[in-house]
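The structure under discussion appears below in the form of structure tokens.
For this chain, numbers begin at 1 and follow the sequence in order.
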Amino acid sequence: MQRKKILVFSGAGVSKESGVATFRDNGGLWNNYDVRKVADIRAWREDPQTVIDFYNLRRRDMGKVHPNQAHLIVAELEKYFDVVVVTQNIDNLHELAGSTKVIHLHGELTKVRSTLDSTLIYDWTEDCNLGDKCEKGSQLRPHIVWFGENLNPKFIERAEEAARECDICIIVGTSMQVAPANQIPFLTKPNTLIYVVDPAEMDFHIDKQRKPFLYHIQEVASVGMEKVKSEIENI
């Protein structure tokens, strides 16, 4: 019997419980940094040192955190389902928890890439410095999609395919405010079961025909994922 397919669409709320600072929450990173100076392609061109310093700090912080129960449950679902994780997060906590099919829409903190050839991507766990160059002699930069840049079309294609094919979609830890990524869960079939795990009220549009198939679990990611697991384990 073919295993049912699950799309997990995750955001910052999943990693928040591990101690990873978010951008959008009160007290989040956007309150401490001007996003235009650290997460915009123009900032990289004007002041690459500040940008590199910011991501070096975040990379160091990543070495101090671990997957939480939400990450572990997502990984555990692979025992029973064909699971694809599409995440807006740049950390590697899904992978550390054991998930094997993870699509990072906005890049990865533990990688850098060439400024000359975007296909030259390197695993990177130490600080990246001005003067660090790719094999073609070009400066390395954080492997992050900044404001002013497009998402990788190959990753978008893979994410959209996972959405169209899935039987269950789990939206967890995201406010669904970041376009175009927020459209992906709604490329699912009209009768796909959708679970939204978010302690806040849903403030995004749901088509009328989808509402009977959508369940809002108003909990933090770890508690909500426990409830989702209980709901779907006998499907």
Using the rule that two of Ile, Leu, Val, Met, Phe, Trp, Tyr join whenever any of their side-chain heavy atoms come within less than 4.5 Å, decide whether Val220 and Val196 are in one cluster.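 Unlinked, Val220 and Val196 end up in two clusters.
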For the hydrophobic clusters of this structure (ILVMFWY residues joined by side-chain heavy atoms under 4.5 Å, transitively), does one cluster hold both Leu72 and Leu96?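 Cluster IDs for Leu72 and Leu96 differ.
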What residues, two or more places apart in sequence or in another chain, satisfy salt bridge (charged side-chain N to carboxylate O under 4.0 Å, His left out) together with [X]?
X	value
Asp82	Lys101
Asp117	Lys136
Lys227	Glu219

Between atom [atom1] of [X] and atom [atom2] of [Y], what is the distance when rounded to the nearest 0.5 Å?
X	Y	atom1	atom2	result
Asp132	Arg141	CG	CZ	14.5 Å
Arg60	Leu109	CZ	CG	11.5 Å
Gln49	Leu130	CD	CG	4.5 Å
Glu165	Lys5	CD	NZ	4.0 Å
Asp40	Glu46	CG	CD	8.0 Å
Leu193	Tyr215	CG	OH	6.0 Å

Is there a side-chain contact between [X] and [Y] (heavy atoms, below 4.5 Å)?
X	Y	result
Cys134	Leu140	yes
Ile232	Leu77	yes
Ile206	Arg210	yes
Met225	Val172	yes
Ser99	Val83	no
Asn56	Cys128	yes
Leu105	Ile184	yes
Ile52	Trp44	yes

Got more than 12 heavy atoms from elsewhere within 6.0 Å of [atom1], [X]?
X	atom1	value
Glu126	CD	no
Arg36	CZ	no
Lys189	NZ	yes

May I have the step-by-step check of side chain to side chain contact (heavy atoms under 4.5 Å, CB included) for Asn89 and Ser10, ending in yes or no? CA-CA 7 Å; Asn89 298 338; Ser10 75; 4.1 Å; yes
What residue among Ser222, Ser15, Ser18 forms side chain to side chain donor-acceptor pair (under 3.5 Å) with Asn68?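 Exactly one candidate clears the test, Ser18.
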Step by step, work out the side chain to side chain contact (heavy atoms under 4.5 Å, CB included) result for Glu226 and Ile73. CA-CA 7 Å; Glu226 286 279 11; Ile73 292 171; 3.5 Å; yes
Under 4.0 Å between a Lys/Arg side-chain N and an Asp/Glu carboxylate O for Arg58 and Asp61?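 Looking at Arg58 and Asp61, the cut-off is not met.
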Run the side-chain donor-acceptor check on residues 150-163: report pairs under 3.5 Å with partners two or more places apart or on a different chain.
unit_1: Asn152; atom_1: OD1; unit_2: Lys154; atom_2: N; d: 2.8

Kindly state each residue pair satisfying ring pair (Phe, Tyr, Trp, His ring centres under 6.0 Å) with at least one member in residues 68-112, sequence neighbours excluded.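 Every pair satisfying ring pair (Phe, Tyr, Trp, His ring centres under 6.0 Å) with a residue in residues 68-112: His71-His94.
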Would you list the pairs meeting salt bridge (charged side-chain N to carboxylate O under 4.0 Å, His left out) in which at least one residue belongs to residues 105-115, sequence neighbours left out?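 Counting only pairs at least two positions apart or across chains, the salt bridge (charged side-chain N to carboxylate O under 4.0 Å, His left out) contacts touching residues 105-115 are Glu108-Lys111, Arg113-Glu149.
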